[in-house]
Amino acid sequence: MQVNENKEFQPLIVAFCCNWCSYAGADLSGTNRLNYPTNVKIIRVPCSCRVNPMFILRAFQKGADGVILCGCHPGDCHYTSGNYFTRRRMTLLFSMLDFLGIERDRTRVEWVSAAEGAKFAATMNEFTEAVKKLGPNRRLEDLRCRKQ
Amino acid sequence: MQRIGVFVCHCGTNIAATVDVKAVAEALSHEPGVVISQEYQYMCSEAGQNLVKDAIKEYGLTGVVVCSCSPRMHENTFRKAASSAGLNPYLVEIANIREQCSWIHKDIATATEKAVILGKAAIAKVHLNTPLTAGESPVAKRALVIGGGIAGIQTALDIAEAGFEVDIVEKEATIGGKMAQIDKTFPTLDCAACILTPKMVEASQNEKITIHSYSEVSAVKGFVGNFTATIKKKKRFVDETKCTGCGLCTEACPMKKVPNAFNLGLDNRSAIYIPFAQAVPKVATIDPNYCLKLRKGDVNDKVCGKCAEACTVGAINYHQQDEYIEQKYGAIVVATGFNPIKLDKYDEFAYNQCPDVVTSLELERLMNAAGPNGGTLLRPSDKTHPHKIVFVQCVGSRCDDSKGKPYCSKICCMYTAKHAMLIREKYPDTEVYVFYIDVRTPGKNFDEFYRRAVEQYNVHYIKGMVGKVTPKADGTIDVQASDLLSNEQLHIDADMVVLATAIEPDKTARPLATMLTTQMDTNDFFTEAHAKLRPVESATAGIFLSGACQGPKDIPETVAQASAAASKAIGLLVKDSITCNPCVAHSNELMCNGCSACEKVCPYGAITYQDKEFRMPDRTTAIRRVAGVNPAVCQGCGACTVACPSGAMDLNGFSNSQIMAEVDAICK
Amino acid sequence: MNNNLKEQVIRSSGVNVLKCMRCGKCSGTCPSYDEMEYHPHQFVYMVEKGDIETLMKSESIYKCLTCFACVERCPRNVEPAKVVEAVRLAAIRKQGNNHLIADNIPEMLDEDLPQQAIVTAFRKYTK
Amino acid sequence: MNTFTYYPGCTLRTKAKDLDAYARSSAEALGITLEEPKDWQCCGGAYTTAKDEIATKLSAVRTLNAAKEVGRPLITVCSACHNVIKQTNYDISNDEEMAAKVNNYLKLDEAYTGETTVYHYLEMLRDVVGFDNLKKQVVNPFKGKKIAAYYGCLLLRPSKALAMDDPENPSIMEDFIKAIGGTPVIYAQRNECCGGYITMEDKAQASKRSAKVMDSAKEQGADMIITACPLCLYNLKKNSGSDLPVYYFTELLAEALGLKEANNE
């Protein structure tokens with residue numbers, strides 16, 4: 001069989017999802033059989049505020065092409081205020097990434113409730129498309145980490 | 001050296017159809033530390049769990065990874081299994097290859113590849129898991145029931161019966177809900193009020209039950225066994241404790257032209273009102289949108305004030321404000337119910353143009369003895385007796401998403417048969433036609449009931465659908481419809497048309513679901529934890545579902561589910577304590593520099609500082625200020641771990657190194 | 001059953017006939033019902049069965065007013081009028097199957113008849 | 001700013017001159033400039049919904065493209081033209097395959113993919129002029145006149161594409177009637193077909209349909225009926241057997257604005 005040289009770029013996307021809303025939302029999109037690409041790999045965290053900016057930098061360093069962080073809607077955090085911390089921290093981190101020349105569209109914070117399976121799938125589809133357009137992450141990738 | 005066991009579940013074909021489970025097990029067997037990797041049809045079954053238990057014993061496993069459904073589904077099952085085999089339950093990790101892999105992907109190759117990566121991430125994490133011991137937290141012995149319809153009432157009565165305090169929060173001025181508006185019930189045709197109102201009274205007299213009518217839940221915090229809810233008691237401008245429900249104020253009120261919501265606007269009431277005679281609590285409420293005094297904006301103005309003058313006990317209080325009550329609950333039951341949909345998109349049936357085209361719920365009021373016509377069925381337009389009535393089924397149900405509701409509303413076939421029968425019984429000179437697509441009557445004595453309508457009462461059931469309703473100048477209504485069996489288009493000159501309107505969850509359900517962090521489907525019905533096996537629990541621990549908030553239901557089903565939800569809530573409330581989450585934060589005192597950054601972000605006040613004596617390298621001692629976490633108070637959100645500048649704060653079960661390991665495994 | 005024709009009609013109409021739940025509302029609302037031998041719901045069902053030739057031979061295909069009442073009111077968004085149109089096209093596209101013959105037009109005219117009627121009839125009845 | 005591309009269509013040039021002339025004079029009086037595109041073609045009278053029909057859709061696309069080239073919204077008056085052009089525009093915006101086929105055929109300098117905004121004259125009155133403003137300029141109000149609006153099928157359906165008003169309970173023409181001082185009459189048949197082109201070969205069917213519409217309006221006490229469509233006007237007048245007067249809405253508009261005599265010379 002001939003190898004298709006124009007094979008479409010498949011980005012690697014890491015999604016951090018809070019256990020109470022977004023992870024449940026992701027489960028719900030599964031229960032409702034709402035498709036989104038396999039590019040997205042979810043890591044469960046108790047709250048979006050558990051996500052240390054270091055995790056995101058690490059993901060980029062190790063070759064992720066996009067990182068998305070999902071939490072409960074503002075005001076609905078299971079831990080009352082965790083997502084507010086997230087919002088502030090990520091604003092700071094993203095502006096730093098901006099400064100480093102990392103495209104803004106490689107990162108995103110999205111609020112997805114446990115009832116929003118459809119929104120979760122739509123968000124992932126849209127984010128994957130956006131990252132696809134940007135092509136592979138080169139700026140932050142540590143080439144020594146690249147798989148052989 | 002770690003000894004890890006990997007178990008890949010087929011979940012019948014749920015996983016195996018899209019993920020090559022054998023390949024996953026094979027690929028994961030080569031991961032470092034993995035000593036056994038196997039797949040099985042149903043890991044959650046007893047046989048599946050035994051596989052895990054046996055492997056733990058046989059291989060002396062130090063960690064277990066189960067590649068299966070969501071951890072929200074079976075994490076506990078496998079933790080228990082591990083525990084029973086002598087392995088600390090927190091050494092088990094789940095890779096979610098069903099909800100987040102097989103169910104959302106179609107291509108076997110890429111789905112399998114993804115499942116392997118998710119498995120690798122779980123293995124990487126389990127390498128760093130540490131044994132944890134769960135503490136216990138007390139259960140507040142009180143339940144909150146949101147919604148005071150038949151579902152909420154039944155749930156509250158059952159919980160109270162078991163000896164626990166229950167609060168019912170009802171947004172309307174009275175409990176009773178939709179059932180209070182219904183005339184007769186199928187399939188027995190007994191009067192709804194006769195069976196509901198005693199229950200309402202029972203609820204109000206039960207000393208374990210507190211009814212907050214005209215109230216809403218405005219905030220919910222906490223977790224199973226330990227919720228704190230804020231209840232907003234909306235200002236009704238009447239002191240509930242003083243009002244005797246005598247009704248003098250409603251007679252005195254000069255503003256009589258307020259659409260009566262209880263009768264669906266089919267007649268009018270006064271601005272100060274008691275919804276209906278048997279209302280519970282029987283307390284007046286002022287509608288501020290119509291009250292002459294309150295509309296004025298300045299309550300000190302001399303306008304009106306007739307109700308206050310009429311009240312003999314001084315219950316009227318124009319200065320009343322919203323009141324907020326905070327209360328602790330061990331369990332919460334959602335019973336928010338349903339409403340008929342708006343018919344704006346179906347004006348081919350002329351609902352907005354002709355008063356004699358009514359919804360089925362409006363017909364209930366029109367036929368009810370306490371309704372606008374005192375129980376005589378009269379046309380709303382000219383108050384004459386209708387001689388020909390056409391019923392249209394499935395209005396807004398079974399529709400394409402863009403048009404209406406995709407689901408069957410379930411109750412319409414039966415209540416339409418009931419309406420048809422009642423009309424034929426009471427007014428034998430009235431012809432009744434029912435246009436149906438399918439008559440759906442599964443249920444005890446249901447089909448017999450429908451057959452009775454046809455055979456005994458001679459109701460004309462016509463297979464077909466109404467296409468256009470034309471109100472005519474002479475007051476009759478031309479109903480144009482297809483008769484599919486005789487293959488003709490009919491015109492019926494009707495006096496009334498009744499639309500079996502689809503039902504939908506109450507609008508308050510979605511914001512409530514968000515507040516409770518419970519799941520909902522795309523139609524805004526609450527999602528049960530398991531469609532077959534956990535039908536009355538939500539996926540969020542301590543939140544239970546009662547009645548039509550979970551899906552369309554008739555009264556017997558609602559009551560059955562209400563009692564089931566109550567029994568689940570009671571099962572929780574009888575426990576003195578429940579196991580807490582051991583995944584809490586802890587600080588490494590040697591690394592802590594006492595900066596207080598963690599303390600400031602902790603929403604629970606679980607972090608305190610104390611001065612501790614430390615031995616320094618040169619054998620001196622030093623007093624240092626370090627953070628300590630109270631594990632009983634900490635809920636494990638992890639906000640502190642990110643705030644900590646020195647990396648002293650970490651979270652059990654979701655440690656920095658564990659999450660980093662997952663990131664690395666996914667990105668490898 | 002003619003699978004080729006069925007496929008052509010489905011492709012040309014863009015309608016998924018399987019969405020139909022057979023309620024008959026299209027026929028309940030159709031203003032041309034009495035003039036038609038086969039009614040809108042039958043069009044949808046017969047296309048599903050692949051019984052297209054019967055429809056093509058029927059005068060019913062020229063009786064549809066394309067008023068879109070059935071399209072607008074179908075609870076399942078099936079769009080029966082588009083099926084009727086596709087069947088009619090399948091019929092008139094055949095050589096010599098024009099339903100309207102230009103030579104006959106003058107006798108159909110009266111002094112008030114708007115051009116619009118003639119061009120529309122041409123669109124509907126001829127190829 | 002208030003200049004629009006104006007598409008009269010074939011019938012407005014011949015049998016429906018009144019519809020056209022009063023539309024133009026009223027627009028002028030309301031401060032709207034209507035510019036006809038060069039070399040427009042007949043829209044075809046009916047939109048062919050079939051996916052494999054391309055040639056029949058081209059003339060509408062040419063008109064739409066002409067409006068795009070001058071960068072102005074397109075105004076139509078005739079219901080049929082409006083329906084054809086609006087449906088074409090909707091499909092070319094939403095159906096990539098159709099857009100590709102059409103553009104392959106037309107070989108325009110720049111592909112047309114639905115850029116033009118299409119207004120019906122009534123929508124222009126509602127959304128650009130505003131019925132409140134129109135009301136202020138009325139000099140001969142139709143006081144006490146009970147006027148029935150006839151939408152027919154073409155103005156409202158398919159509502160997904162036409163998006164003018166609620167397809168089952170529309171109000172744009174009723175609001176227009178109120179603006180010119182009349183009393184709108186609501187009757188159930190206002191959005192049902194008049195029989196349309198069937199009059200060519202089946203007069204009986206056209207009569208049945210149009211009579212039904214007229215009877216329904218008359219029954220509700222209408223003094224007259226207004227329409228935006230020459231074919232509706234023909235059917236209602238000639239085929240219904242009813243004596244209820246039928247007018248184009250632009251005739252009433254011009255009369256209300258005090259323009260009608262001037263144009264009737």
Side-chain angles (χ1 to χ4, degrees), chain A residues 10 12 14 16 19-21 23-47 49-56 58-64 72-73 75-82 85-86 89 113-118 121 124 145 147, chain B residues 69-73 94 96 98-107 110-111 113-114 117-118 121 125 221 223 510 513-522 524 526-527 531 539-540 581 583 601 603-604 635-643 651 653-654 656 659-660 662-664 666-668:
Chain A
Q10 289 299 338
L12 171 60
V14 177
F16 291 98
N19 181 45
W20 303 97
C21 289
Y23 195 87
D27 279 355
L28 186 61
S29 61
T31 313
N32 292 344
R33 310 295 197 273
L34 303 168
N35 292 47
Y36 56 87
T38 51
N39 308 54
V40 179
K41 315 283 192 299
I42 296 171
I43 294 179
R44 183 165 70 128
V45 287
C47 176
C49 74
R50 175 65 190 94
V51 176
N52 198 313
M54 295 299 294
F55 301 160
I56 294 173
R58 173 78 152 225
F60 279 127
Q61 185 192 8
K62 292 276 180 174
C72 311
H73 285 267
D76 296 332
C77 176
H78 182 77
Y79 304 103
T80 323
S81 53
F85 296 130
T86 308
R89 286 169 185 160
S113 83
E116 294 175 328
M124 292 306 152
C145 298
K147 93 179 112 173
Chain B
C69 54
S70 170
R72 292 172 63 89
M73 189 70 82
I94 308 287
N96 185 344
R98 192 178 77 174
E99 280 85 347
Q100 296 180 4
C101 190
S102 70
W103 276 356
I104 41 168
H105 306 312
K106 290 199 179 109
D107 178 56
T110 52
E113 196 184 321
K114 175 170 170 179
I117 292 172
L118 294 178
K125 186 178 182 193
K221 286 186 291 193
F223 51 94
R510 183 158 275 272
T514 308
M515 210 185 290
L516 298 171
T517 67
T518 46
Q519 296 181 336
M520 276 190 145
D521 64 19
T522 46
D524 280 8
F526 282 87
T527 308
T540 306
N581 172 19
C583 295
V601 297
Y604 303 100
Q635 296 303 321
C637 68
C640 54
T641 60
V642 183
L651 188 64
F654 295 94
N656 287 327
I659 298 176
M660 285 288 203
E662 283 183 273
V663 170
D664 289 357
I666 286 174
C667 297
K668 205 154 51 180

**Student:** At a heavy-atom separation under 4.5 Å, does A:L34 approach chain B through its side chain, its backbone, both, or neither?
**Tutor:**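 Contact with chain B is through the backbone of A:L34 alone.
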**Student:** Quick one: closest heavy-atom pair of B:R72 and A:N19, and the distance?
**Tutor:**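 Nearest heavy atoms, B:R72 then A:N19: NH1-O, 2.9 Å.
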**Student:** To the nearest 0.5 Å, how far apart are CG in A:N32 and CH2 in B:W103?
**Tutor:**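 Here the rounded value is 9.5 Å.
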**Student:** With a 4.5 angstrom heavy-atom cut-off, which part of B:N581 approaches chain A: side chain, backbone, both or neither?
**Tutor:**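 Neither part.
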**Student:** Check whether any side-chain heavy atom of B:N96 sits under 4.5 Å from a side-chain heavy atom of A:I42, and report yes or no.
**Tutor:**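 The answer is no; the side chains never approach within 4.5 Å.
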**Student:** Rounded to the nearest 0.5 Å, what's the gap from CG on A:L28 to CG on B:D521? Could you check?
**Tutor:**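 Going from CG on A:L28 over to CG on B:D521, the span is 8.0 Å.
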**Student:** On a heavy-atom basis, which atom in A:P46 and which in B:L651 lie closest, and how many Å separate them?
**Tutor:**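 Heavy atoms only, the tightest pair is CG-CD2, 3.5 Å.
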**Student:** Counting N and O atoms only, with roles assigned by atom type, does the side chain of A:R50 sit under 3.5 Å from a partner on the main chain of B:F654, one being a donor and the other an acceptor?
**Tutor:**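 Checked: pair present.
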**Student:** Sub-3.5 Å donor-acceptor pair from the side chain of B:Q100 to the main-chain atoms of A:A26, do we have one?
**Tutor:**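 It does not hold such a pair.
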**Student:** For A:Y23, is it the side chain, the backbone, both, or neither that has a heavy atom closer than 4.5 Å to a heavy atom of chain B?
**Tutor:**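 Both parts, backbone and side chain.
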**Student:** Below 4.5 Å, heavy-atom pairs only: which of B:M515, B:M73, B:K106 has the largest tally toward chain A?
**Tutor:**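 So the answer, after comparing B:M515, B:M73, B:K106, is B:K106.
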**Student:** Relative to chain A, which segment of B:T518 carries a heavy atom at a distance below 4.5 Å: side chain, backbone, both, or neither?
**Tutor:**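 Only the backbone of B:T518 comes within 4.5 Å of chain A.
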**Student:** Which pair of heavy atoms, one from A:Y79 and one from B:Q635, lies closest together, and at what distance?
**Tutor:**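 Between these two residues, the closest heavy atoms are CE2-O, 3.4 Å.
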**Student:** Name the region of A:V14, side chain, backbone, both or neither, that has any atom closer than 4.5 Å to a heavy atom of chain B.
**Tutor:**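 For A:V14, the side chain is the part near chain B, not the backbone.
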**Student:** Show the nearest heavy-atom pair for residues A:R89 and B:A639, with the distance to one decimal.
**Tutor:**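 Reported closest heavy-atom pair: NH2-O, 3.0 Å.
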**Student:** Looking only at heavy atoms, which two atoms of A:F55 and B:V663 are closest? And how far apart?
**Tutor:**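 Here A:F55 and B:V663 meet closest at O-CG1, 4.2 Å.
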**Student:** Using the side-chain hydrogen bond (donor to acceptor under 3.5 Å, both in side chains) criterion, which residues pair with B:S70? Sequence neighbours excluded.
**Tutor:**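 With neighbours one apart ignored, the set is A:D27.
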**Student:** Taking atom CD of A:E116 and atom OG1 of B:T522, what is their separation to the nearest 0.5 Å?
**Tutor:**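 The distance works out to 12.0 Å.
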**Student:** Start with the C-alpha distance between B:T641 and A:N52, add both sets of side-chain angles, then the distance that settles side-chain contact (heavy atoms from CB on, under 4.5 Å), and finish with yes or no.
**Tutor:** CA-CA 8 Å; B:T641 60; A:N52 198 313; 5.9 Å; no
**Student:** Where do B:C637 and A:C49 come nearest, in terms of heavy atoms and distance?
**Tutor:**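 What the structure gives for the nearest pair is O-SG, 3.8 Å.
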**Student:** Hey, is the main chain of B:A121 close enough, under 3.5 Å, to the side chain of A:K41 for a donor-acceptor pair?
**Tutor:**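 No.
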**Student:** Of the backbone (N, CA, C, O) and the side chain (C-beta and beyond), which part of B:K221 lies under 4.5 Å from a heavy atom of chain A, both, or neither?
**Tutor:**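 Only the side chain of B:K221 comes within 4.5 Å of chain A.
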**Student:** With a 3.5 Å distance limit and no angle check, can you tell me whether A:N35 reaches the backbone of B:H105 through a side-chain donor-acceptor pair?
**Tutor:**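 The answer is no, because no donor-acceptor pair under 3.5 Å joins these two groups.
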**Student:** Does the side chain of B:V601 come within less than 4.5 Å of A:F85's, by heavy atoms?
**Tutor:**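 In contact.
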**Student:** For a 4.5 angstrom cut-off between non-hydrogen side-chain atoms, does B:I666 reach A:I43?
**Tutor:**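 They are in side-chain contact.
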**Student:** Do you know which of B:C101, B:C640, B:P71 has the most heavy-atom pairs under 4.5 Å to chain A?
**Tutor:**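 Ranked by contacts with chain A, first place is B:P71.
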**Student:** Examine whether an atom of B:R510 lies under 4.5 Å from a heavy atom of chain A, and if so say whether it belongs to the side chain, the backbone or both; otherwise answer neither.
**Tutor:**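 Only the side chain of B:R510 comes within 4.5 Å of chain A.
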**Student:** Just verifying a value: how many Å separate A:H78 NE2 and B:L516 CG, rounded to the nearest 0.5 Å?
**Tutor:**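 If I round to the nearest 0.5 Å, the distance is 11.5 Å.
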